[in-house]
Amino acid sequence: MKVKAMIKQNNLLREQMTPSNRSYFEDMILAMRASSVDAVRAEELLLEAAELLLKGQAKGKHAKQVWREAW
């Protein structure tokens, strides 16, 4: 998948997040895109994070809870 397509997918997933989780995820986006991580890998990681966050959100969890449990 190309970077632009992954960005579009990340944006679609972000729209499904609660305002609080979206804000948390947007901070992750800013940090990841500003980092030295390759653009393709960064978007892959963000997609994985968004999917994980949405799964947790479906169970009523906040982003911080999801990350604590994931790592």
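Side chains included, hydrogens not; waters and symmetry mates left out as well; all remaining heavy atoms used.
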Measuring from atom CG of L12 to atom CD1 of I7, what distance do you get when rounded to the nearest 0.5 angstrom? 12.0 Å
Short N-O contact, R22 and E15, less than 4.0 angstrom: no
Tell me the salt bridge (Lys or Arg N to Asp or Glu O under 4.0 Å) pairs involving residues 51-68, sequence neighbours left out? K61-E69
Between CE of M6 and CG of L13, what distance do you get to the nearest 0.5 Å? 12.5 Å
Could you check L46 against R33 for side chain to side chain contact (heavy atoms under 4.5 Å, CB included), going step by step and ending with a plain yes or no? CA-CA 9 Å; L46 287 168; R33 291 181 182 162; 4.1 Å; yes
Name all residues meeting the side chain to side chain contact (heavy atoms under 4.5 Å, CB included) criterion together with A42; count only those two or more places apart in sequence or in a different chain, and write none if there are none. M32, V37
Any sub-3.5 Å donor-acceptor pair from Q57's side-chain atoms to Q16's backbone N or O? yes
Correct closest heavy-atom pair for A70 and L52 would be CB-CD2, 3.7 Å
From CD1 (I29) to CD (E26), nearest 0.5 Å: 6.0 Å
Write down the atom of N10, the atom of A50, and the distance for their closest heavy-atom approach. OD1-CB, 4.1 Å
Taken in chain and number order and not counting sequence neighbours, the residues that satisfy side chain to side chain contact (heavy atoms under 4.5 Å, CB included) with A63 are N21, Y24, L53, W67
Side chain to side chain contact (heavy atoms under 4.5 Å, CB included) assessment of H62 paired with Q65: CA-CA 5 Å; H62 182 272; Q65 291 173 294; 3.7 Å; yes
